[in-house]
Amino acid sequence: MSNATRLRRRLVEHLLAEGVLHDARWMTAFRSVPRHVFLPRFFVPAPNGWAAIDNGDDEWLRRVYSPGVLVIQLDDDSGLWERARYLGAQPGTPTSSSSQPSIMAIMLEELRVADGHRVLEIGTGTGYNTALLCHRLGSGLVYTVDIDPELVGAARERLAEIGYAPSCAAADGAEGFPAGVLYDRVICTCSVSSIPPAWLEQTVPGGLIVTTLNRPIGGGLVRIVAGEGATGHGRVLARDGRFMPLRAHRFKQSKVPDDDVAWRPARLPMEVLTEVRSRFEFFAGLHLPGVTASREGQSTRLAHPDGSWMRHRQAGSAFEVAEGGPRRLWEIVEAAYEEWLGLGEPGRDRFGLSLDGEDQVIWLDSPDGRTWPLRP
Ligand SMILES: C[S@@+](CC[C@H](N)C(=O)[O-])C[C@H]1O[C@@H](n2cnc3c(N)ncnc32)[C@H](O)[C@@H]1O
């Protein structure tokens with residue numbers, strides 16, 4: 001048995017142990033598709049940025065089959081890998097990656113594909129997820145689109161290397177893949193601030209769309225059932241996942257002033273808001289649309305483009321906040337927390353979505369219940 005085969009088996013064992021892989025057909029796909037073909041080079045975090053690794057390096061194969069995300073592009077610039085290789089680690093923001101195998105497994109299972117389904121993937125990236133779809137369904141039924149032509153070209157070649165020829169296009173995935181056919185399933189491996197109406201229009205009524213929501217606080221995985229035209233309804237899934245956003249859906253980090261600030265006591269730790277495993281996180285995000293969070297030394301900062309900002313820090317066993325701008329963000333958080341307790345601490349799976357063209361809302365418990373605009 002080759003080293004790669006052994007490492008793939010170990011990866012599948014890891015996914016089984018994590019409880020994210022249950023379907024025998026997807027197990028076979030993960031066991032069979034050579035992830036290393038799609039990752040001849042990538043970045044790894046280094047103290048001062050991102051270091052370049054390629055298939056000549058000792059740790060390459062082990063890293064390829066590790067359960068982590070592997071970044072392949074920074075700042076939309078595929079040339080930065082060469083720079084990092086020859087000049088040393090480079091700073092940058094990841095703009096393409098092979099996602100964590102665990103979130104890939106979750107999304108592929110949540111897609112509920114059956115033999116004969118035609119699937120559209122938004123976000124080709126390395127092509128590894130495309131290859132898993134081709135393995136499961138046959139490449140004649142797989143369509144994939146990425147906004148970056150270089151990535152699409154490389155993915156197409158690598159897919160061909162292992163015998164797959166799905167329909168690949170370099171285009172804005174927000175427009176879907178207008179091949180003149182309807183898809184049974186759409187899977188988006190980047191996150192969106194709202195569901196592009198084109199996806200709903202290009203999915204057969206009753207077909208499913210699986211994607212993640214791009215919300216700086218309270219993102220999450222959703223599954224939509226397409227209706228007629230650009231309509232649909234769906235649920236926020238209990239199993240969570242985070243992805244880099246579709247290019248046009250990126251958030252800018254808002255500024256927090258550096259001046260001296262007056263601190264006051266706070267009741268809650270910041271983790272209730274920023275920790276992905278916090279049950280409150282999703283509800284908090286509904287009350288803080290457009291608010292971004294960042295860490296700076298010992299404090300965490302929240303900020304909104306309207307100029308509202310706050311800092312939160314631990315002081316001994318207590319917490320403190322400082323706030324400024326037109327709105328008091330921490331007061332909003334504490335009021336939302338009280339309301340959340342009163343509603344019985346709803347987790348993600350109590351929320352759903354109703355979609356009609358650009359008119360898209362998130363609801364609690366039922367479409368007639370409390371609603372929030374998906375994209376305020
Ligand atoms: C997390 S990566 C996708 C991972 C990929 N499925 C894989 O297995 O390697 C997200 C991808 O979304 C792409 N992307 C960003 N904005 C896009 C858009 N508007 N349309 C299509 N693709 C987009 C990026 O270029 C990036 O390759």
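Every number for a ligand or one of its atoms is a count from 1 in the order of the listing.
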Please confirm whether [X] comes under 4.0 Å of ligand 1, counting heavy atoms of the residue only.
| X | result |
| --- | --- |
| Thr124 | yes |
| Val69 | no |
| Ala155 | no |

Short N/O distance, under 3.5 Å, between [X] and ligand 1?
| X | value |
| --- | --- |
| Gln73 | no |
| Ser98 | no |
| Gly123 | yes |
| Asp146 | yes |
| Gly173 | yes |

Donor-acceptor check, side chain of [X] to backbone of [Y], threshold 3.5 angstrom: yes or no?
| X | Y | answer |
| --- | --- | --- |
| Arg215 | Leu374 | yes |
| Thr124 | Val145 | yes |
| Asp146 | Leu151 | no |
| Gln360 | Ile195 | yes |

**Message:** Under a plain distance cut-off of 3.5 Å, with no hydrogens placed, do Arg295 and Thr300 share a side-chain donor-acceptor pair?
**Reply:** yes
Indicate, as side chain, backbone, both or neither, the part of [X] found under 4.0 angstrom from ligand 1 when only non-hydrogen atoms are considered.
| X | value |
| --- | --- |
| Glu121 | side chain |
| Thr130 | neither |
| Ser97 | both |
| Ile72 | neither |

**Message:** Under 4.0 Å between a side-chain nitrogen and a carboxylate oxygen: does that hold for Arg235 and Asp349?
**Reply:** no
**Prompt:** Does the distance from a Lys or Arg side-chain N to an Asp or Glu carboxylate O, for Asp57 and Arg62, drop under 4.0 Å?
**Reply:** no
**Message:** Quick test of your reading of the structure: of Ile147, Asp148, Val192, Asp172, whose heavy atom lies closest to atom 14 (N) of ligand 1?
**Reply:** Ile147
**Member of Thr211, Leu120, Leu133 meeting the side-chain contact (heavy atoms from CB on, under 4.5 Å) criterion with Ile187** = Leu133
**Asked** Does any non-hydrogen side-chain atom of Arg63 lie less than 4.5 Å from one of Ile53?
**Response** yes
Distance filter under 4.0 Å to [X] heavy atoms, resulting ligand 1 atoms:
| X | answer |
| --- | --- |
| Leu151 | 25 (O), 27 (O) |
| Gly125 | 5 (C), 9 (O), 27 (O) |
| Ala171 | 20 (N), 21 (C) |
| Ser99 | 1 (C), 4 (C) |
| Asn129 | 6 (N), 8 (O) |
| Thr126 | 7 (C), 8 (O), 9 (O) |

**Prompt:** Relative to each other, are the rings of Phe351 and Phe283 parallel, tilted or perpendicular (30° and 60° limits)?
**Reply:** tilted
**Request:** Would you kindly check if the NZ (Lys) or CZ (Arg) of Arg301 is within the cone defined by 45 degrees around the ring axis of Trp309 and under 6.0 Å from the six-membered ring centre?
**Result:** no
**Name of the residue among Arg9, Arg10, His36 meeting side chain to side chain donor-acceptor pair (under 3.5 Å) with Tyr65** = His36
